[in-house]
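Notes for the one structure printed next.
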There are 2 protein chains.
Amino acid sequence: MSTASKALNNTGRMGDETRERVKRVASEIGFRPNALARGLLSKRSFTIGLLTNDTYGRFTLPVMAGVSEALVDHGVSVFLCAIEDDPALGQIHVEAMLDKQVDGIIATGKRLDRRLPVDLSNLPVPVVYAFTEGTPNSVTFRSDDAQGARLAVEWLLKIGRRRILHVTGPMEFFSVRERAEAYSEVAGDAEPVMYGIWSESWGHDAIEEIWQRPGEKPDALFCGNDQIARGAVDALRERGIKVPQDVSVIGFDNWEIVAAQTRPPLTTVDMELKELGRQAGLTMLALAEGRPVEPGVRKLPCRLVVRQSCGGDKPGA
Amino acid sequence: MSTASKALNNTGRMGDETRERVKRVASEIGFRPNALARGLLSKRSFTIGLLTNDTYGRFTLPVMAGVSEALVDHGVSVFLCAIEDDPALGQIHVEAMLDKQVDGIIATGKRLDRRLPVDLSNLPVPVVYAFTEGTPNSVTFRSDDAQGARLAVEWLLKIGRRRILHVTGPMEFFSVRERAEAYSEVAGDAEPVMYGIWSESWGHDAIEEIWQRPGEKPDALFCGNDQIARGAVDALRERGIKVPQDVSVIGFDNWEIVAAQTRPPLTTVDMELKELGRQAGLTMLALAEGRPVEPGVRKLPCRLVVRQSCGGDKPGA
DNA sequence: CTGAAAGCGCTTACAG
DNA sequence: CTGAAAGCGCTTACAG
């Protein structure tokens, strides 16, 4: 019994030949150790929980894919718990995960500046936050929205655009403010930022508004997300204004279903959520193994995805 | 020790007062039984696996939500494993789940007529299929696409449309053929079904084709999915044809991001994937508890979601 | 170098 | 009605 255990785990001392023989027989009979029993001893279940309030999955799926990809090689499986914005449901899921002795919990959401509706600050297991606001001394991963916005505006400047407008979502969103600031810095704040909602219709309305008011028209639009960008592109086309010849439009999110189906397909900023998930997963692993991890907020760079809505060339910088 | 166990599990015989006292103290010290230890004895881990090859999450997320909702009350947590179309990755995930002693596996995908790239037929745990093709004697849940198509066409007839065209996806899809057949039965097959691809651009092209060719124009379009419907609506608007006044358009899938953002918002058929997930979860539970479950394919009815792209009234039938 | 013993945190017969 | 004993499937000191 114990010899078998040591042979299979490559621990203890024994004859090479004995070890090999054990391994061979084990694989012949298809022996697979019971992870529950192992977990009982080792205090590690090789299981983590992913908690999210993003029902729609827009942000959670890429994060989940990254987490899973990072951990599958280490034999770690992940419980996905969608808790909506229901504190009671959140509590139930957290307790269920704790009962199952998860090695840690990754919290993720749909907004950088909102907490999940459940308190994760005094759990007996490590917690990592990804794309949701963490507690003061936690480890948090988020996208660098300012850098993403800079990427977009710099690209527009680089391809020769000079009158760049920023049409975006509600000012209450932290990421909206951050992107708007970066926009103003890079573009110069000739025109005030246009705040609205996260929908195609706002993109439409914004174009309406811009073309109705007097004054010079923009030659480029930096939109706060792909839906707004799509609405704007459609509205421009309906006015007979050519995208990208007359006006360049750039989005944010790289939400394939929106960005790729727009005519022309949107150049946009990708927040690299999968990479964010990968790093969160790796960090969780470190924590679970007791390795030290610096607390704090880590901003991950965004990436420009060039399609056809801006004109210009391949991405340069 | 054993008294405590029996008290908390409401098993064995003991004084009510003793039982209460144990429970009270347990909750005072915040005692929570270790699920790993319990699982070791009971042979149940209160854990199941959800296997999917639908990376995008279009179909998996609602199914997952339903599964989770059905099982959370029973203390069951779910491992989500996205395996793309990679057989090796699928194998790894299945083995990881088996090692962790899952009580069962639910397989889900993105097509009714495709298998996951991993063999689930000889597992030591029960398997339920949802929205993916199962093995011959398995339990499989799927949407009733014929009924969904009937719902759509009958609705168009009910609001007075007579020349209904069907623009849909690739004929290789089983669900495409099933919907097309139902369409032909209900609408009469005056016009041949137009097969294409699952994209907005095909919706565009179809309108182009229809309006270019001679002959009477349709007064209604039944589209194979919401993307095609959206493309068609956009193309009609660009031709100055009014939706729904001149032409009614109906989609399939009720993919919010597409259906709700179309102008006007799409009337469409919802496959009730969340309910499908719920039933798959409940069935899994029955199997895990050893209750008998009839093998076979269960078709779940679709539901018509009325928005504004058809005109007409509230849903009747 | 190998194997008997103890123990992880519970539950379930079985004596008392 | 209560508690000591055995055991779920492993791993880890510790004798031999």
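- Residues A/Leu276 and A/Ala130 share a closest heavy-atom pair of CD2-CB, 3.5 Å.
- Taking CG from B/Asp73 and CG from B/Leu282, the interatomic distance works out to 9.5 Å, rounded to the nearest 0.5 Å.
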> Where does DNA chain D pair, written as one dot-bracket string 5' to 3', with Watson-Crick or G-U pairs under 3.5 Å, ( ) inside the strand, [ ] for crossing pairs and | for another strand?
Replying inline: |||.||||||||.|||
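- Atom CG of B/Leu36 is separated from atom CG of A/Asp99 by 10.5 Å, given to the nearest 0.5 angstrom.
- For B/Tyr129 and B/Phe141, the gap between ring centers reaches or exceeds 6.0 Å.
- Residues from residues 32-47 of chain A with heavy atoms under 4.0 angstrom of DNA chain C, sorted by number: A/Leu40, A/Leu41, A/Lys43.
- Every pair tested for salt bridge (charged side-chain N to carboxylate O under 4.0 Å, His left out) that includes a residue from residues 46-55 of chain A fails, sequence neighbours excluded, so the list is empty.
- Residue A/Thr18 is in sugar-phosphate contact alone, with no base atom involved, counting any heavy-atom pair closer than 4.0 Å across all strands shown.
- The nucleotide range of DNA chain D contacted by chain B, defined by atoms under 4.0 angstrom from heavy atoms of the protein and reported 5' to 3', is D/dC1 to D/dG9.
- Of the inter-residue distances, the one linking A/Glu133 atom CD with A/Arg114 atom CZ reads 9.0 Å to the nearest 0.5 angstrom.
- Taking the nucleotide of DNA chain D with the nearest heavy atom to each of B/Gly15 and A/Thr3, the more 5' of the two is matched to B/Gly15.
- Judged as a salt bridge (charged side-chain N to carboxylate O under 4.0 Å, His left out), the pairs with a partner in residues 75-94 of chain B (not counting sequence neighbours) are, in order, B/Asp85-B/Lys110.
- When the side-chain hydrogen bond (donor to acceptor under 3.5 Å, both in side chains) test is applied to A/Ser121, the partners found at least two apart in sequence or on another chain are A/Asp119.
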